Amino acid sequence: GDSVTQMEGPVTLSEEAFLTINCTYTATGYPSLFWYVQYPGEGLQLLLKATKADDKGSNKGFEATYRKETTSFHLEKGSVQVSDSAVYFCALSDRGRDDKIIFGKGTRLHILP
Amino acid sequence: GAVVSQHPSRVICKSGTSVKIECRSLDFQATTMFWYRQFPKQSLMLMATSNEGSKATYEQGVEKDKFLINHASLTLSTLTVTSAHPEDSSFYICSASGLAGVEVTEQFFGPGTRLTVL
């Protein structure tokens, strides 16, 4: 079945460092891909998404490009801030927005001042 | 984005009792609500999908008689864990999606409920 694999955490970086969180997926169809973020004590929030190959999702300085050839959707940010400390989930949905979402295990990110 | 709340945020109960968790969409009408379960350091696992006014659709391996889901209105869904046991201890998260015109919105997630069964 469909699945998402993302790098294990925690990831600890200094402020202004470059961030990459790897994510690869397995899907039978043509999924939409998502990154969700969960700040401490809050619910999951959609960070960015891409619905087809070569699409780039971006938000709050974060970017991810839908790479069909490598089945990847890596999350990047050029200069992280302390406020980016959170848990990041890569996810896919294979049948549209109102259908089930399959999540990766999450990657906890700590940014040191 | 839209806001989804859950109540309670934490609950501790004795083995054998039942626990009800509420999920509310505060500023939109949720035609579909989803219930997830998350174990420590694990993915969110979808338990069931419920559409307002109809029976929930459970994922394979989820006991429908143990995890009762009711979605009686467009702003409220409840998950009742019946005869809870320690292995039911987990983090339960709901999400909701609705209609904006003719388009379906993204899923908006609640903050989760931590259930501990003693």
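In what follows, chains are A, B, ... by sequence order, proteins preceding strands, each numbered from 1. Remember, it's a predicted structure, so these values are computed and weren't measured experimentally.
Of the two parts of L46(B), only the side chain, counted from C-beta on, holds a non-hydrogen atom closer than 4.5 Å to a non-hydrogen atom of chain A. Contact of E8(A) with chain B is not made at all, since no heavy-atom distance falls under 4.5 Å. Proximity to chain A (any heavy atom under 4.5 Å) is restricted, for Q38(B), to the side chain, taken from C-beta onward.
Cluster annotation: L115(B) is connected to V62(B) through the hydrophobic network of ILVMFWY side chains, with a link wherever side-chain heavy atoms come within less than 4.5 Å. Side-chain heavy atoms closer than 4.5 Å link hydrophobic residues (I, L, V, M, F, W, Y) into clusters, and following such links, even through other members, never connects F89(A) to L19(A). Linking ILVMFWY side-chain heavy atoms closer than 4.5 Å, directly or via other members, places L13(A) and Y39(A) in a single hydrophobic cluster. The same ILVMFWY cluster, assembled from side-chain heavy atoms under 4.5 Å apart, contains both I69(B) and V19(B).
Taking CD1 of I101(A) as the reference point, atom CZ of F109(B) lies at 4.5 Å (rounded to 0.5 Å). L44(B) CG to Y36(A) OH: the interatomic distance, rounded to the nearest 0.5 Å, is 10.0 Å.
Counting heavy atoms of neighbouring residues, nucleotides and ligands inside a 6.0 Å radius, atom NZ of K66(B) exceeds 12 of them.
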